[in-house]
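We count residues from 1, following the sequence as given. Computed from a prediction, not measured in an experiment: that's the story for all the values here.
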Amino acid sequence: MSRDEPRPRLSCDVELQAPPPPPPPPPSPPPSSDWPRADRMIISQELIKLALDGLFCSPLDLANTTEERKILHIGCGDGAWSRDMATKYKHCWVLGVDERDVLDPNKAMPRNFRFLKSTHGILHSLKKLPDNQFDFIYGRFLIFSYNPDYYREIIQECWRLCRPNGYVEMMELDMRIYGNPVVGPMTQMLNAQGNLNS
């Protein structure tokens, strides 16, 4: 049999064909007008509020509406937590500080909320604020954005800014992976790497 002659067909030969194109995806349903913007930060805020059964864990008493309080939110992101605090506690002044302005311009902000954009970094903005200024200082998930030394400096500034008998609350995630009953070798390796990086 020469190279140019067609090869005899065997019963085990399979004819290769290009698969047919996949069907088009079904159209997405239109967004519901009564559901807030499905933004990951808003969803995150709502899930955290649900998990904490509230907006914060500190034993801060904000029931006395005749006493004006000042609250600082470090790394406020889209302002969801700050907006919720300002809406619920109208007698409190809430200042949100972040390096990026991602506040939704179409969303009305409470009158008792202000935003401070940190053009030279959050630490620089915090150092400009006077001592003993806030009754409550709140931050969360900052550990993902800053190295440990910078994070420690932010915490030191929080203590300087906090009034006597005030509270500083930082919420961070435990990056360890847990299993039931035990974790496997890959998870143990990831946990070990996490311990080295912290």
Side-chain angles (χ1 to χ4, degrees), residues 39-42 44-49 51-52 54-176 194-198:
D39 179 85
R40 66 180 175 81
M41 288 184 188
I42 292 173
S44 169
Q45 165 63 10
E46 294 305 313
L47 289 173
I48 292 167
K49 216 166 39 171
L52 295 179
L55 291 165
F56 55 90
C57 295
S58 297
L60 180 67
D61 181 15
L62 296 175
N64 183 357
T65 58
T66 61
E67 189 178 348
E68 184 179 285
R69 300 292 189 95
K70 291 184 180 178
I71 297 170
L72 174 63
H73 184 193
I74 299 172
C76 70
D78 71 340
W81 184 88
S82 300
R83 190 173 40 252
D84 286 352
M85 284 294 286
T87 301
K88 184 170 183 176
Y89 302 105
K90 294 182 181 3
H91 63 288
C92 296
W93 283 98
V94 182
L95 174 64
V97 180
D98 208 319
E99 294 168 351
R100 292 178 309 230
D101 182 357
V102 292
L103 300 176
D104 185 349
N106 299 317
K107 199 164 240 181
M109 292 295 169
R111 290 182 329 106
N112 54 335
F113 169 71
R114 296 290 179 269
F115 174 73
L116 174 64
K117 183 176 180 182
S118 300
T119 53
H120 300 292
I122 284 184
L123 191 56
H124 182 263
S125 295
L126 294 178
K127 288 184 179 203
K128 288 182 159 185
L129 297 171
D131 292 0
N132 304 319
Q133 190 69 20
F134 297 95
D135 299 287
F136 185 47
I137 300 173
Y138 182 80
R140 69 176 176 216
F141 310 143
L142 299 176
I143 205 160
F144 296 123
S145 302
Y146 305 111
N147 68 46
D149 292 332
Y150 195 86
Y151 187 86
R152 277 188 209 92
E153 285 188 69
I154 289 174
I155 300 300
Q156 288 303 314
E157 283 303 303
C158 289
W159 288 121
R160 181 186 65 79
L161 294 170
C162 191
R163 288 178 177 163
N165 300 316
Y167 295 92
V168 174
E169 181 176 323
M170 294 292 166
M171 180 192 302
E172 302 296 351
L173 292 177
D174 179 0
M175 297 307 292
R176 179 176 275 297
N195 288 337
L196 294 176
N197 294 332
S198 56

**OP:** For Asp98, enumerate each residue passing the salt bridge (Lys or Arg N to Asp or Glu O under 4.0 Å) test, keeping only those at least two apart in sequence or located in another chain.
**Re:** none
**OP:** State, with a plain yes or no, whether a side-chain heavy atom of Arg69 is found less than 4.5 Å away from one of Leu60.
**Re:** yes
**OP:** Write down the atom of Leu142, the atom of Tyr151, and the distance for their closest heavy-atom approach.
**Re:** CB-CE1, 3.7 Å
Original post:
Looking at residues at least two apart in the chain, or sitting in another chain, which of them share a side chain to side chain donor-acceptor pair (under 3.5 Å) with Asp131?
Top reply: Arg160
**OP:** Go through the structure and list residues passing side chain to side chain donor-acceptor pair (under 3.5 Å) with Thr66, not counting sequence neighbours.
**Re:** Asn64
**OP:** Using the test side chain to side chain contact (heavy atoms under 4.5 Å, CB included), find all partners of Asp149 that sit at least two apart in sequence or belong to another chain.
**Re:** Asn147, Arg152
**OP:** Applying salt bridge (Lys or Arg N to Asp or Glu O under 4.0 Å), name anything that partners Lys127, two or more places apart in sequence or on another chain.
**Re:** Glu153
**OP:** Could you pull out all residues at least two apart from Asp61 that satisfy side chain to side chain contact (heavy atoms under 4.5 Å, CB included)?
**Re:** Ala63
**OP:** Could you tell me which residues satisfy salt bridge (Lys or Arg N to Asp or Glu O under 4.0 Å) with Glu169, sequence neighbours excluded, listed by chain and number?
**Re:** none
Original post:
What residues form a ring-ring contact (aromatic ring centres under 6.0 Å, His included) with Phe56, not counting sequence neighbours?
Top reply: Phe136
Original post:
In chain order, what residues pass the side chain to side chain contact (heavy atoms under 4.5 Å, CB included) check against Glu99, with sequence neighbours excluded?
Top reply: Ser118, Ile122, Tyr146, Tyr150
Subject >> Where at least one partner belongs to residues 75-131, residue pairs that pass ring-ring contact (aromatic ring centres under 6.0 Å, His included), sequence neighbours excluded >> reply: His73-Trp81, Trp81-Tyr138, His120-His124
**OP:** Could you tell me which residues satisfy side chain to side chain donor-acceptor pair (under 3.5 Å) with Gln156, sequence neighbours excluded, listed by chain and number?
**Re:** none
**OP:** Using the test side chain to side chain donor-acceptor pair (under 3.5 Å), find all partners of Asp135 that sit at least two apart in sequence or belong to another chain.
**Re:** Arg163
